[in-house]
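Quick notes on the structure that follows.
Residues take their numbers from the sequence shown, with the count starting at 1. Computed over heavy atoms, backbone and side chain alike; hydrogens, waters and symmetry mates excluded.
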Amino acid sequence: MLAKDSTIIKVLLSIDSLMVGGKERQLLELAKGLAQRPGINCQVLAMSEEDQYTDLQDSGIIVHRLVRRVRHDWAVFLRVYGLLKKLRPNVVHSWDYMTAIYALPACKLLGIKFVNGAIRYSSSKLEPIIKAKAAVTFPFSDTIVSNSQAGLRAHQLLKSSKACVVYNGIDLSRFAGVNNGHKMELGITTEKVVGMVATFSEYKDYETYLNAAQQLVKSRKDVTFVAVGGGPCLEKMKQLVSPIYQDRVIFTGQRRDVEPLINIFDIGVLCSTKLGEGISNSIMEYMALNKPCIASDVGGTPELVVDGETGILVDCGDAEQLAQKIEYLLDNPVVAKQMGLAGRKRLNDQFNLEKMVSNYIDLYHKTLNLNRC
């Protein structure tokens, strides 16, 4: 057992890959934040060579790579064991089920505390594969952490003594001095811009967003819609847009420079499917740049977006309602500005990076002392 004030706490954050995504961004923010705190030694384990973030290496944080040669690479169990035996971290904090499954046996054999952070989304009905992964990892985890109350609720863990919530945090310094020079690059000539930043996956409801967009560009000449992101459903979603609207509904593909793109938005949108949502990085990025947001009322989003104050919540899959709310904010710029400012204040008060880092450090202390969140 490690006393709270005795020595350095060695934390190993483990994740499948460091591709662009919400959980990857949050791991990056946490690792950089932990590295700046006295008494914490933070390193990262990634099980892929894919890496869209150079910030970790630039920050001097050591990244270990144990690459899977095949989808189910049994040799990785031994390699993880060897790495953990060498590093001897006090805490392994996994950010997904895959790395939890690989790391848990080694943690148990070596007496290393294990924090299971795989709950990043919530859904009213969990998929069988998620239930199975939870069933084989949760009982052996020392602490289970979700980024939303909705996530714990979905897994029926609200009353669990070893489960807790640590909300996502965002580094507001990322947004200082952000320009908006991409409007001309994208060929946007309209006065107003609405955008959605999200991976094109089964978790994001781009279909509803694009249907609402086409309703509005048909009736209005002053707005362009932008879709920022890549993913397996990108080409399918492009086919939903009529050729006559393709100059007003723009797909940027995967971009790392999302801050300048968001800064040209008048409204940020996030449509999610019923498969769930955690605490969205995209919404936090909208709020950081004082943009009002309209989002699906699913998962952890209502914990982030205060309906009618920092943004507007809409029914999942309702393109007509979404179009109406977008038009309302376009026609009421004073209201939109007030929501944007309120969103930024909410981030600063409740979802800032310093608070997230402090909460995770407290979680590690409690886990090592065998207390619960």
Side-chain angles (χ1 to χ4, degrees), residues 1-2 7-19 21-32 34-35 40-53 55-57 59-120 129-147 155 162-163 166 360-361 363-368 370:
M1 185 185 302
L2 181 70
T7 188
I8 291 176
I9 296 177
K10 295 187 289 185
V11 179
L12 182 68
L13 306 177
S14 66
I15 194 166
D16 186 13
S17 78
L18 290 169
M19 296 294 287
K23 69 179 179 182
E24 293 84 359
R25 167 57 71 179
Q26 284 300 305
L27 179 141
L28 171 68
E29 302 277 27
L30 177 60
K32 291 167 64 179
L34 290 174
I40 302 290
N41 179 296
C42 177
Q43 299 184 26
V44 173
L45 167 61
M47 294 191 174
S48 168
E49 293 287 3
E50 299 169 320
D51 192 346
Q52 296 295 319
Y53 296 108
D55 305 48
L56 287 175
Q57 292 85 341
S59 300
I61 297 168
I62 296 173
V63 180
H64 305 275
R65 297 189 185 274
L66 296 179
V67 180
R68 291 179 296 160
R69 299 183 181 88
V70 294
R71 182 176 176 83
H72 301 293
D73 189 346
W74 300 105
V76 172
F77 285 103
L78 294 176
R79 294 161 64 201
V80 171
Y81 178 86
L83 179 66
L84 297 189
K85 186 176 181 180
K86 176 183 177 182
L87 297 179
R88 290 288 177 175
N90 302 109
V91 176
V92 171
H93 179 180
S94 173
W95 286 68
D96 50 56
Y97 287 110
M98 192 278 290
T99 55
I101 290 169
Y102 279 117
L104 258 171
C107 287
K108 290 300 159 186
L109 289 171
L110 294 169
I112 297 168
K113 296 296 182 180
F114 186 81
V115 174
N116 193 326
I119 304 177
R120 311 301 302 176
I129 186 63
I130 299 298
K131 288 184 177 180
K133 290 176 179 178
V136 299
T137 60
F138 285 177
F140 305 101
S141 302
D142 295 287
T143 301
I144 302 165
V145 59
S146 170
N147 66 355
H155 287 80
K162 67 178 181 180
V166 174
Y360 271 120
I361 291 174
L363 180 149
Y364 300 146
H365 283 310
K366 291 179 178 179
T367 300
L368 289 167
L370 301 181

Arg65 (side chain) donor-acceptor with Ser48 (main chain) under 3.5 angstrom
yes
I need the Leu110 CG to Lys85 NZ distance, nearest 0.5 Å.
7.5 Å
Any side-chain heavy atom of Thr143 sitting closer than 4.5 Å to one from Lys113?
no
Look only at the side chain of Asn116 and the backbone of Ser141, and say whether a donor-acceptor pair between them is shorter than 3.5 Å.
no
Main chain of Phe114, side chain of Asp142: is a donor-acceptor contact present, judged purely on distance under 3.5 Å?
yes
Kindly compute the distance separating CD1 (Ile61) from CG (Leu34), expressed to the nearest 0.5 Å.
8.0 Å
Go through Thr99 and Leu45 one step at a time and tell me if the side-chain contact (heavy atoms from CB on, under 4.5 Å) criterion holds.
CA-CA 9 Å; Thr99 55; Leu45 167 61; over 6 Å; no
Non-hydrogen side-chain atoms of His155 and Ile119 separated by less than 4.5 Å:
yes
Hey, could you give me the CG/CD1 distance between Leu368 and Ile112, rounded to the nearest 0.5 Å?
11.0 Å
Residues two or more places apart in sequence or in another chain: which of them pass side-chain hydrogen bond (donor to acceptor under 3.5 Å, both in side chains) with Tyr364?
His93
Given side chains that start at C-beta, do those of Leu30 and Trp95 come closer than 4.5 Å, heavy atoms only?
yes
All side chain to side chain contact (heavy atoms under 4.5 Å, CB included) counterparts of Ala106, not counting sequence neighbours:
Val80, Tyr81, Leu84
Kindly indicate whether the side chain of Leu87, heavy atoms from C-beta on, has any atom under 4.5 Å from the side chain of His64.
yes
Nearest-0.5 Å distance that lies between atom CD1 in Ile130 and atom OH in Tyr97
5.5 Å
Measuring from atom CD1 of Ile15 to atom CD of Glu24, what distance do you get when rounded to the nearest 0.5 angstrom?
4.5 Å
Tell me the closest heavy-atom pair linking Ala100 and Ser94, and the distance in Å.
N-OG, 3.1 Å
Answer yes or no: is there a donor N or O on one side and an acceptor on the other, between the side chain of Lys162 and the main chain of Phe138, under 3.5 Å?
yes
Go through the structure and list residues passing side chain to side chain contact (heavy atoms under 4.5 Å, CB included) with Phe140, not counting sequence neighbours.
Leu104, Lys108
Any chance you could measure Gln26, atom CD, to Glu29, atom CD, to the nearest 0.5 Å?
6.5 Å
